[in-house]
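Only one structure is covered here, and it is reproduced in the block below.
Only this structure's heavy atoms are used, side chains among them; waters, hydrogens and symmetry mates stay out.
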Amino acid sequence: SGRRSRTEGGDRGLRARLPALDTCSISPSAPGEEAQMTGAAAEAEELRLLIERAAHGEAVAQNNLAIRYEDGNGVVQEQAEALRLYTQAADQGLAAAQHNLGMCYLTGIGTAHDEKKATRLFRKAAKQGFAPAQFALGSCFTDGAGVV
C-alpha cells in the first residue's frame, strides 16, 4: 500500500528465512532432513512470530502488525488495534510508525480526524529524515492542514 511504511528489518528479514509462499503444503522430507514449511503454514508461522515480537515490545513488529490489522491481511481487520499498535511503536520513536499513525489521524482511520496530531507526528518522523513523513508534512503545509 502506498501510504503506509513498512520498516527496514521488519518482515523482510523474517521473509528471507522463510520459503516462498506459493503452495499450501508441508514438503516431504528426505531421511535426515526436516520438513520445510511452505504456503499457508509458512504465512501462519510468519504471523505468529510477528505477533510474538510485537507483544514483546519490538517497535518494528508493532508497526508491521498494525499494517496487517489496518488492511485485514492475515488477521481480522481492526482499525482500533492498528491504531493501538501504531501508537506503541510511535511512542518508541519509530519514524515509520509515527508517519503511519499520523496518516490515521489525518484520514480518521480508527480514530477521530485530527490534523494537528497528524502534523505533529509527521514532524517527529520528518526530523528523523523519514522521506514519506517529510512529504506528508510538506503536503500539510501546502494544504494548510493542522499547521495554522
Side-chain angles (χ1 to χ4, degrees), residues 1-27 36-148:
S1 126
R3 72 166 191 74
R4 284 164 324 221
S5 305
R6 187 171 296 278
T7 52
E8 294 296 321
D11 284 355
R12 189 172 303 151
L14 181 59
R15 283 188 196 278
R17 294 191 306 268
L18 293 175
L21 303 177
D22 57 355
T23 61
C24 295
S25 64
I26 302 292
S27 61
Q36 184 179 30
M37 286 189 295
T38 58
E43 191 170 340
E45 178 64 6
E46 176 184 0
L47 179 59
R48 184 191 70 75
L49 291 173
L50 186 61
I51 291 169
E52 183 179 298
R53 289 175 34 227
H56 283 100
E58 293 183 30
V60 170
Q62 290 168 335
N63 180 69
N64 292 341
L65 185 57
I67 292 170
R68 285 177 171 251
Y69 275 110
E70 186 177 346
D71 292 343
N73 179 9
V75 296
V76 174
Q77 187 175 26
E78 290 185 46
Q79 304 297 337
E81 181 65 6
L83 187 76
R84 184 183 75 78
L85 288 162
Y86 283 142
T87 300
Q88 288 178 347
D91 286 349
Q92 293 182 63
L94 185 67
Q98 291 167 337
H99 169 260
N100 293 340
L101 182 59
M103 291 304 297
C104 288
Y105 280 110
L106 187 65
T107 59
I109 293 177
T111 188
H113 176 83
D114 189 330
E115 292 176 349
K116 288 185 180 186
K117 280 186 181 178
T119 302
R120 280 196 301 270
L121 287 158
F122 294 150
R123 193 180 312 264
K124 285 181 179 182
K127 284 182 180 179
Q128 295 181 60
F130 193 68
Q134 292 168 338
F135 181 82
L137 183 61
S139 295
C140 287
F141 276 101
T142 299
D143 298 339
V147 293
V148 279

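Between atom CG of residue Leu50 and atom CD of residue Glu45 there is a gap of 11.5 Å, rounded to the nearest 0.5 Å. Note that NZ of Lys116 is 14.5 Å distant from CG of Leu106, once rounded to the nearest 0.5 Å. The distance from the CG atom of Leu121 to the CG atom of Leu101 is 4.5 Å, given to the nearest 0.5 Å. Taking OG1 of Thr142 as the reference point, atom CG of Leu137 lies at 9.5 Å (rounded to 0.5 Å).
Across all their heavy atoms, Ala61 and Ala54 have their closest contact at CB-N, 3.6 Å. Tyr69 approaches Val75 most closely through the heavy-atom pair CD2-CG2, 3.6 Å. Residues Phe122 and His99 approach most closely at CE2-O, 3.4 Å, considering heavy atoms. Contact between Gly102 and Ala118 at its shortest, heavy atoms only, is O-CB, 3.2 Å. Residues Gly74 and Leu47 come closest through the heavy atom pair O-CD2, 3.2 Å. Pairing each heavy atom of Thr111 with each of Cys104, the nearest pair is CG2-O, 3.9 Å.
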Return a table of donor-acceptor pairs under 3.5 angstrom between the side chains of residues 88-95 and protein atoms on other chains or two or more places apart.
unit_1 : atom_1 : unit_2 : atom_2 : d
Gln88  : OE1    : Gln62  : NE2    : 3.1
Gln92  : NE2    : Gly57  : O      : 3.0
Gln92  : NE2    : Gln62  : OE1    : 2.8

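Side-chain atoms of Asn100 come within 3.5 Å of backbone N or O of Ala96 as a donor-acceptor pair.
In this structure Gln79 satisfies the side chain to side chain contact (heavy atoms under 4.5 Å, CB included) test together with Glu70, Gln77, Ile109, sequence neighbours excluded. Not a single side chain to side chain donor-acceptor pair (under 3.5 Å) links Glu78 to another residue, sequence neighbours left out. Residues forming a side chain to side chain donor-acceptor pair (under 3.5 Å) with Glu81 (at least two apart in sequence, or on another chain): Arg84. With sequence neighbours left out, Gln128 forms a side chain to side chain donor-acceptor pair (under 3.5 Å) with Gln98.
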